[in-house]
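Read the structure below first, then the notes.
Residue numbers begin at 1 in each chain, while the letters A, B, ... track the order of the sequences.
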2 protein chains.
Amino acid sequence: MLEKIISQGLKATGRRMTRTRKAVLSLLERTHEPLSASEIFAQLQEDQVAIDLVTVYRTVNVLKDLGLVAQLDLHHEGQSRYELKEGRKHHHHIRCQVCGKIVDLLLCPLKKLTKLIEERTKFVVGDHTLEFTGFCPQCQ
Amino acid sequence: MLEKIISQGLKATGRRMTRTRKAVLSLLERTHEPLSASEIFAQLQEDQVAIDLVTVYRTVNVLKDLGLVAQLDLHHEGQSRYELKEGRKHHHHIRCQVCGKIVDLLLCPLKKLTKLIEERTKFVVGDHTLEFTGFCPQCQ
DNA sequence: CCTTTATTGCAAGTCTCTTGCAAGTAACAT
DNA sequence: ATGTTACTTGCAAGAGACTTGCAATAAAGG
Ligand SMILES: [Mn+2]
Ligand SMILES: [Mn+2]
Ligand SMILES: [Zn+2]
Ligand SMILES: [Zn+2]
């Protein structure tokens, strides 16, 4: 179970499992869209969890360090979003430019391309980001 | 020539060609990496062009409105970059995670994928962003 | 239960980008 | 050329996301 896996990661790096970290984790676990820090903060307030926005930022950064959360910087959003990586595979997103809805695209067309790019540019390719924008079914 | 094309666009929207807009345009024209507002500001200072950072922001926004400049939000950079679209075709970038160097990738593998995504998600797909990161030849 | 040390909340700070407004200037008509 | 008008600029201030300093709090382990 997730909390156990993450406790191990925390301990291995001299960190502790706390009430606030559990709350952020449990929220990320049951949410199916990537969340911004302020959205995490607002949702936890609603859930009657006492937490400061600063702690949300520190928590997502810890989870990112542990490799358990992905940080997304979507085009023109001006804020990062975070989603659990644990148990989900590499994928990308499409976002509605009207209502902001974000949907997973469970695909990645870039494996082959990486080789081509390494040949052409002499870079060693590490990561990539890919995002689509458009109009969702409700906003067309 | 570029300045003429852009003068027309400005006039058509009730705007004027000014000393500062010429300076920003000419810098973007001769630069082959996308530039941030503060980089534009710093380079123009070096070129002895009197301009305020606020004016740089306003200028790139005007050029973006006219469709003459693309705004890039690269992963984890925390600032936007701008590059001329005029005369260059749709492409993507790879950035060195050590030195920050940005190189054009003169390709886009996403035409086909768009149809597939529209079928799967029922979105109408508009735009996309794609960026690679890695280590450039000097930083490996 | 006690000690140690990581974590938290609050305040303040940083950074990018935007906005209000008076002064400056490009565009156009006289 | 000169004047009129309205767009543009610079400066100051503000907004928003995110970070940092520090004293108080609370995990973890004995
Ligand atoms: Mn996702
Ligand atoms: Mn480019
Ligand atoms: Zn991918
Ligand atoms: Zn493309």
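Within the nucleic acid shown, A:Ser36 has no heavy atom closer than 4.0 Å to any nucleic acid atom. Within 4.0 Å (heavy atoms only), A:Ser38 reaches no atom of the nucleic acid at all.
For B:Asp104 (side chain) and B:Leu106 (main-chain N/O), no donor-acceptor pair under 3.5 Å exists by modelled atom type. The backbone N or O of A:His76 sits less than 3.5 Å from a side-chain atom of B:Asp73, completing a donor-acceptor pair.
Computed from coordinates, the A:Leu44 CG to C:dT8 P distance equals 12 Å when rounded to whole Å. Atom CD in B:Glu77 sits about 15 Å away from atom P in D:dC18, given to the nearest Å. In this structure, B:Phe41 places its CZ atom 14 Å from C1' of C:dT16, rounding to the nearest Å. Rounding to whole angstrom units, CD1 of residue A:Ile6 and P of D:dA27 are separated by 18 Å. Separating the NE2 atom of B:His76 from the C1' atom of D:dT19 is a distance of 15 Å, rounded to the nearest angstrom. If you measure from atom CG of A:Asp73 to atom P of C:dC17, you get 13 Å, rounded to the nearest angstrom. Regarding A:Gln79, its CD atom lies at a distance of 14 Å from the C1' atom of C:dT16, rounded to whole Å. Between the CG atom of B:Leu25 and the P atom of D:dT8 there is a distance of 13 Å, given to the nearest Å.
Residues passing the ring-ring contact (aromatic ring centres under 6.0 Å, His included) test with B:Phe123: none are found, sequence neighbours excluded. Under the side-chain hydrogen bond (donor to acceptor under 3.5 Å, both in side chains) criterion, B:Gln43 pairs with B:Asp47, sequence neighbours left out. Residues passing the ring-ring contact (aromatic ring centres under 6.0 Å, His included) test with A:His93 are A:His91, sequence neighbours excluded.
The side chain of B:Ser80 contributes no N or O atom lying less than 4.0 Å from OP1 or OP2 of C:dT16.
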Per-pair distances, 0.1 Å, donor-acceptor, side chain in residues 62-70 of chain B, under 3.5 Å, sequence neighbours excluded:
| from | atom 1 | to | atom 2 | distance (Å) |
| --- | --- | --- | --- | --- |
| B:Lys64 | NZ | B:Gln71 | OE1 | 2.6 |

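For the residue pair B:His90 and B:His128, the shortest heavy atom distance occurs at NE2-NE2, 3.0 Å. When all heavy atoms of A:Cys96 and A:Cys136 are compared, the pair lying nearest together is SG-N, 3.4 Å.
Between the side chains of A:Arg16 and A:Thr18, no donor-acceptor pair is found at a separation under 3.5 Å.
Against DNA chain D, the stretch residues 48-63 of chain B makes heavy-atom approaches under 4.0 Å through B:Ala50, B:Ile51, B:Asp52, B:Val54, B:Thr55, B:Arg58.
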| For nucleotides 24-30 of chain C, read 5' to 3', which letter fits each nucleotide if B means a protein heavy atom sits under 4.0 Å from the base, S means only the sugar-phosphate is that close, and - means neither? | --BSS--
